[in-house]
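Before any comments, here is the structure.
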Amino acid sequence: MATAKKLEVSDEVAIQISKMNKWYGSFHVLRDIDLTVNRGERIVIAGPSGSGKSTLIRCINALEEHQEGSITVDGTLLSSDLKNIDTIRSEVGMCFQHFNLFPHLTILENCMLAPVWVRKTPQKEARETAMHFLEKVKIPEQADKFPGQLSGGQQQRVAIARSLCMKPRIMLFDEPTSALDPEMIKEVLDTMVELAEEGMTMLCVTHEMGFAREVANRVIFMDEGQIVEQNEPEEFFDNPKHERTKLFLSQILGH
Amino acid sequence: MADLSFVRTELVPQKTPPASEVGVIGWMRANLFSSIGNSILTLLTLYCIYLVLASILPWAISPTWGAASLTECRGILHELGREGHFSGACWGVIRDRWTQLLFGFYPSELYWRPILAFILLGVALAPVLFDGVTKKLLLLTAVYPFLCFWLIWGGSIWLPISIILGFVFAIVIYGIVSKATSTLLGAIVAIVTPIIWWLFLAAPFGNLMQSFIPLGIEAVQSDKIGGFMLAILIGLTGIFLSLPMGIVLALGRQSDLPILKGVCVAFIEFIRGVPLITLLFVASTLLNYFLPPGTSFDLVLRVMIMVTLFAAAYMAEVVRGGLAALPKGQYEAADSLGLDYWQAQRLIIMPQALKISIPGIVSTFIGLFKDTTLVGIVGLLDPLALSTNIRADMAWNGILWELYGFIALIFFIFCFAMSRYSMYLERKLATGH
Ligand SMILES: Nc1ncnc2c1ncn2[C@@H]1O[C@H](COP(=O)(O)OP(=O)(O)OP(=O)(O)O)[C@@H](O)[C@H]1O
Ligand SMILES: [Mg+2]
């Protein structure tokens with residue numbers, strides 16, 4: 001697994017966030033966020049509940065609107081222009097805590113939907129791509145079932161495959177394993193590690209610190225809507241600088 | 001201490017269940033007589049059913065099919081020694097007047113037209129309602145509404161054709177304008193053009209064509225159309241137009257655009273806050289003032305519009321319920337995959353929201369179909385109005401239950417079929433979650 005760490009990170013910028021602020025009503029959720037993600041970088045975002053981790057990554061694909069500052073994804077500036085939003089969304093894949101598969105469609109249809117309708121890929125090609133990625137996440141035999149008939153871990157892997165079918169250049173993960181039973185967490189993490197080894201640019205909100213150590217180039221710690229500390233995983237875990245980071249690590253790593 | 005360890009050495013083979021658990025006796029024991037209380041309830045219920053049947057059946061089983069008047073019925077029953085007010089039903093009235101209950105005062109030599117329309121309805125609906133029916137039939141489904149109206153009202157074929165032309169214009173113009181400019185502009189032009197066409201140009205065009213190439217069948221006036229034919233016409237129109245309208249209204253109500261949202265909310269709340277009868281009076285008296293002068297608008301058509309609007313308001317709320325039941329994650333997943341608003345609605349949101357709303361939608365349909373009996377109030381000949389009409393005849397003066405029973409039975413058959421279909425649909429769409 002350590003191979004992922006050795007991958008070159010290019011100096012091409014994938015995501016550039018500067019001086020970004022967001023409010024929910026009068027509540028200031030994200031404060032002065034500055035973040036540059038290079039292509040091929042794998043970033044883990046950690047932090048206590050309510051610190052704004054989800055909000056941050058949801059701003060990147062415009063599921064949430066930010067009010068100040070700028071977000072540039074793959075050279076496209078995120079503005080209220082719908083065209084830009086659509087361009088960015090088709091470049092950025094996202095996996096959710098609760099999978100959000102479409103329950104009325106089969107696994108295969110879930111995976112083919114966006115390529116066919118958004119990318120206008122011919123049916124046959126979309127089917128091949130879908131099967132390719134379902135094989136990659138190791139569940140091609142479930143292709144004709146409905147999401148409700150799969151286990152949580154399988155559903156999350158389908159969700160990953162569904163995003164990959166759009167051939168995204170960046171993947172966002174919002175606590176992909178926190179709704180899963182322990183034995184299923186590993187199968188999903190394995191899929192993510194494999195993705196990392198292929199050089200995918202990834203932003204993961206997760207509490208899986210083992211994953212962070214193995215795969216991430218950088219760990220970002222957020223609290224109260226701010227980036228409090230960021231560092232390489234070794235430094236971050238073994239030698240945290242900020243008081244809050246220390247407190248947080250002591251809590252989640254079990255004293 | 002006892003030894004707690006246990007290892008099974010032999011597997012227990014499968015055995016047939018004891019006789020008391022299977023067969024008729026087993027079923028009765030389990031379902032009807034499982035305890036003393038339940039046994040008493042079973043017996044009581046059976047007794048009630050017996051009482052109801054014992055009073056209805058002797059009345060209903062009555063050899064009066066051939067009678068030509070109420071007096072003749074009484075005579076037949078008298079000869080059988082059956083006396084008294086409820087001694088027997090007089091079914092002669094149904095034999096004598098069933099065509100009237102079905103078709104109103106439609107000319108009897110033209111009955112084949114509504115019958116053909118009804119048969120074609122089945123063919124046109126098949127590909128919509130059931131899987132495994134060839135989708136080529138959808139072409140018939142698309143032209144069926146025009147065909148049906150033409151068959152029943154008759155007249156020049158050019159009128160339905162010029163109305164279809166309006167739709168053709170809409171599609172062609174949308175294709176051209178949306179490609180040349182924007183989708184929104186294309187949509188607006190594509191909606192406005194056919195409306196102008198229908199209001200001002202369709203009728204003259206139809207007449208013009210008719211004067212060049214006369215093609216048509218004998219026209220039938222609206223006041224001849226009645227009975228279940230009318231109820232089904234109004235009901236079906238309402239059903240098929242209110243669902244799409246309801247969906248649009250529900251989406252409008254959820255929209256972020258304040259004016260659009262306001263208009264939808266106002267429409268829904270106004271229509272729901274007013275009794276249908278009021279709307280029908282508006283249809284029969286006021287609606288003509290809003291239309292361009294010179295267009296005389298058929299009363300049946302006006303009533304259809306009102307019934308549709310009325311059902312659409314309810315439908316909007318039913319669909320909104322379905323939309324509200326969908327988790328936010330579905331919208332987010334659709335967004336994150338790059339689907340635009342209409343794609344997300346069409347492919348992700350609506351299929352699920354409508355599925356959740358099936359029971360409510362079908363209830364609204366059934367309600368709408370039964371509400372068609374209210375159109376009698378503005379002078380249309382729905383089955384109930386016809387029954388009053390029949391009872392005004394000297395021969396059948398005094399007859400009541402037979403007519404109402406027959407009308408109720410037909411309504412029940414249609415409503416029950418709808419209800420069954422909705423259950424079939426729910427089962428078919430279940431995907432195990
Ligand atoms: N739609 C919303 N409206 C108002 N406040 C919100 C909304 N969504 C989130 N918040 C608030 O914003 C803050 C940040 O939420 P966010 O979901 O980003 O936290 P998080 O770091 O992802 O937490 P968790 O680890 O629990 O998922 C929280 O205090 C939350 O209550
Ligand atoms: Mg979160």
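Convention: sequence-line order gives letters A, B, ...; per-chain numbering from 1.
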Taking atom types as modelled and ignoring hydrogens, do the side chains of T76(A) and T87(A) form a donor-acceptor contact shorter than 3.5 angstrom?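 Note: T76(A) and T87(A) side chains miss the donor-acceptor criterion.
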
Once you measure the plane-to-plane angle for W23(A) and H28(A), does it fall in the parallel (<30°), tilted (30-60°) or perpendicular (>60°) bin?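 The rings of W23(A) and H28(A) lie parallel, inter-plane angle below 30°.
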
Looking at D131(B) and K428(B), does any basic side-chain N land under 4.0 Å from a carboxylate oxygen?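 A salt bridge links D131(B) with K428(B).
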
For the pair E125(A) and K120(A), find out whether any cationic side-chain nitrogen is under 4.0 Å from an anionic carboxylate oxygen.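 K120(A) and E125(A): not salt-bridged.
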
Under 4.5 Å from a heavy atom of chain B, the part of F96(A) involved: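 Side chain of F96(A) only, per the 4.5 Å heavy-atom cut-off to chain B.
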
Portion of I88(A) that has a non-hydrogen atom of chain B nearer than 4.5 angstrom: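 Contact with chain B: none, neither part.
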
Which atoms of Q343(B) are under 4.5 Å from chain A, going by heavy atoms: the side chain, the backbone, both sets, or neither?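 Contact with chain A: side chain only.
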
Residues T106(A), D144(A); criterion side chain to side chain donor-acceptor pair (under 3.5 Å); working and verdict: CA-CA 6 Å; T106(A) 63; D144(A) 292 321; 5.1 Å; no

Partner chain B: residue of I85(A), L101(A), N100(A) with the largest heavy-atom pair count (under 4.5 Å):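 Maximum pair count with chain B is reached by N100(A).
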
Which one wins on heavy-atom pair count under 4.5 Å against chain B: M166(A), H98(A), M94(A), R58(A)?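 Winner by heavy-atom pair count: R58(A).
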
Pick from L339(B), D340(B), L347(B) with the largest number of heavy-atom pairs that fall under 4.5 Å of chain A: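 Most heavy-atom pairs within the cutoff with chain A belong to L347(B).
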
Sort out for me which of A333(B), G338(B), P351(B) touches chain A most, counting heavy-atom pairs under 4.5 Å.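 Most pairs with chain A among the choices: A333(B).
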
Would you mind telling me which of L35(A), L56(A), L172(A) makes a side-chain contact (heavy atoms from CB on, under 4.5 Å) with I45(A)?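 Testing each of L35(A), L56(A), L172(A) against I45(A), the sole residue satisfying side-chain contact (heavy atoms from CB on, under 4.5 Å) is L56(A).
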
